[in-house]
Novice: 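Provided herewith is a single structure, encoded as structure tokens, for subsequent inquiry.
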Amino acid sequence: MAISVAGGVRPGKIIEIEHRLYQQLIVGKQKSNSMFDELDAELEGDANKLAIEREAVLERLAKQIQAKQVFEEVSSQLISTVNNAVDHRLSSPEQVLKHSDVNENQLLMLELLQSKNVDINRLKPLISEQAWLVRDLTNMVNSASFRHRRPQSSDVKVTDIKLVLNFIGIENIKLLIPYFCTRNWLPTGHANLLWITRKLWRYSVVSAIAAQALAKLHERDGSFVYTCTLLSQLGPSVVLKNSAKLFEETWGTWLREASGSRDKEVYDAVVATEFPAEKVYRLVLEHGNKLNWQLLHHLDFKDSPMTKLLSELDNNLSYQALSEDAAMVARANCFAKVLLLEEMRQIDPQEKRIMYDYYELSEQELIRLKGQNYKKLNII
């Protein structure tokens with residue numbers, strides 16, 4: 001007999017499916033193509049080389065009992081050192097913020113973009129002080145795919161941020177700044193985390209595109225729902241980023257010390273030690289949703305509608321208790337989870353139905369969502 005799960009207190013089965021998605025993103029061994037841009041494309045060679053080197057070392061260790069014992073001891077000590085450092089770092093939002101590249105002015109930009117009439121004069125200096133954002137917006141305007149939107153006389157490279165913003169237009173800025181902020185908060189630049197980062201990025205953008213489509217269907221403020229959907233991955237992103245930094249700092253130090261002492265067995269053991277993905281997956285489940293709103297709270301955005309929505313998503317035990325906008329974010333995330341799990345062949349039709357039933361996705365919504373292009377943002 002079918003049991004209705006629509007909207008009430010989140011059943012264990014829903015929680016299990018949602019955790020499964022994060023397990024596949026963080027622990028799963030699938031690789032992911034960079035669907036949306038060249039996010040860390042230059043690291044792909046390094047990541048593949050590192051994986052091949054690890055496999056070769058492990059194969060060699062399997063044939064040498066003494067070396068294998070050294071590997072197990074060194075690897076265990078290294079991972080224990082990293083885990084203790086990560087636990088300490090995540091024990092306070094202040095510590096997390098210090099090492100996460102999230103700041104007040106980035107959040108102020110996101111908040112200003114929610115205004116009906118965006119004040120570009122107030123926004124421009126905030127954009128100008130984020131060097132990575134200026135670079136990303138400028139590169140986009142000068143890209144071959146964007147140049148055809150510019151006047152024919154404007155084939156020269158644009159560098160002035162005022163001109164860049166004029167070419168992009170305010171409606172596109174509302175999409176691109178949250179998009180680039182979210183990407184900046186991911187653990188980019190880490191060969192050990194390349195595939196995890198790409199998978200989480202893809203999930204974030206699929207969710208955001210789904211949120212856009214739902215907002216348009218229901219004639220809601222698309223910019224707000226879209227931005228909050230991207231922000232709903234802030235916590236998991238900073239947990240990963242902090243973990244990645246601490247792992248690579250420790251890993252690099254141990255590697256240099258082993259190299260300096262010319263201890264081949266210890267050196268090989270450090271090389272073969274992988275990022276503790278299983279531990280970090282559990283930390284994402286423990287801290288991710290809380291950090292989504294706690295970080296905004298600590299940056300003096302306690303009363304922001306964005307903070308309130310993210311707090312709702314974390315603290316409400318049932319879908320039916322959510323406000324209209326928070327429910328829309330939850331439905332967008334639900335659709336993205338199902339879509340990615342389907343691609344990975346990690347969900348069956350009954351589980352898919354349970355997810356859609358609980359989050360009350362209507363047939364009309366599913367038709368609209370299934371018709372979207374999830375490979376790129378719909379820039380106006």
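As the structure is a computational prediction, the values presented were derived from the model and not from experiment. For the single chain, residues carry numbers from 1 onward in sequence order.
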Novice: Given 3.5 Å as the limit, does a donor-acceptor pair link the side chain of T197 with the main chain of L193, or not?
Specialist: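 Yes; judged by distance alone, with no hydrogens or angles, the pair exists.
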Novice: E343 pairs by side chain to side chain contact (heavy atoms under 4.5 Å, CB included) with which of L341, I347, L339?
Specialist: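 Of L341, I347, L339, side chain to side chain contact (heavy atoms under 4.5 Å, CB included) with E343 is met by L339 alone.
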Novice: Once side-chain contact (heavy atoms from CB on, under 4.5 Å) is applied, do any residues pair with H298, and if so which ones, sequence neighbours excluded?
Specialist: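 In terms of side-chain contact (heavy atoms from CB on, under 4.5 Å), with neighbours along the sequence ignored, H298 is linked to P93, E94, L97.
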Novice: Which heavy atom of E111 sits nearest a heavy atom of P305, and at what distance?
Specialist: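 In this case the closest contact between E111 and P305 is OE2-CD, 4.0 Å.
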Novice: Return the set of residues passing salt bridge (Lys or Arg N to Asp or Glu O under 4.0 Å) with D314 (not counting sequence neighbours), or none when no residue passes.
Specialist: none
Novice: Can you tell me which residue pairs pass the ring pair (Phe, Tyr, Trp, His ring centres under 6.0 Å) test with a partner in residues 207-238, sequence neighbours excluded?
Specialist: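 Ring pair (Phe, Tyr, Trp, His ring centres under 6.0 Å) check on residues 207-238 returns no pairs.
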Novice: Only counting residues at least two apart or in another chain, list the ones meeting side-chain hydrogen bond (donor to acceptor under 3.5 Å, both in side chains) with D325.
Specialist: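 Only R220 meet the side-chain hydrogen bond (donor to acceptor under 3.5 Å, both in side chains) criterion with D325.
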Novice: Show, in sequence, the C-alpha distance, side-chain angles and deciding distance for W201 and Y179, and conclude whether the ring-ring contact (aromatic ring centres under 6.0 Å, His included) test is met.
Specialist: CA-CA 10 Å; W201 178 231; Y179 175 92; 4.9 Å; yes
Novice: Quick one: does L176's side chain get under 4.5 Å of D136's, heavy atoms only?
Specialist: no
Novice: Is a side-chain donor or acceptor of S143 paired with a backbone partner of M140 at a separation under 3.5 angstrom?
Specialist: yes
Novice: Given the rule in the side-chain hydrogen bond (donor to acceptor under 3.5 Å, both in side chains) test, do S207 and N333 qualify, once you have shown the distances and angles that lead to the verdict?
Specialist: CA-CA 5 Å; S207 296; N333 283 335; 3.1 Å; yes
Novice: The criterion is salt bridge (Lys or Arg N to Asp or Glu O under 4.0 Å); which residues satisfy it with R353, sequence neighbours excluded?
Specialist: D357
Novice: Can you pull the ring pair (Phe, Tyr, Trp, His ring centres under 6.0 Å) pairs that have at least one residue in residues 331-354, sequence neighbours excluded?
Specialist: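 Every ring pair (Phe, Tyr, Trp, His ring centres under 6.0 Å) pair that includes a residue of residues 331-354, provided the two are not neighbours, is F335-Y374.
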Novice: Would you call K279 and D87 a salt bridge, taking side-chain N to carboxylate O under 4.0 Å as the test?
Specialist: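 Answer for the salt bridge query: yes.
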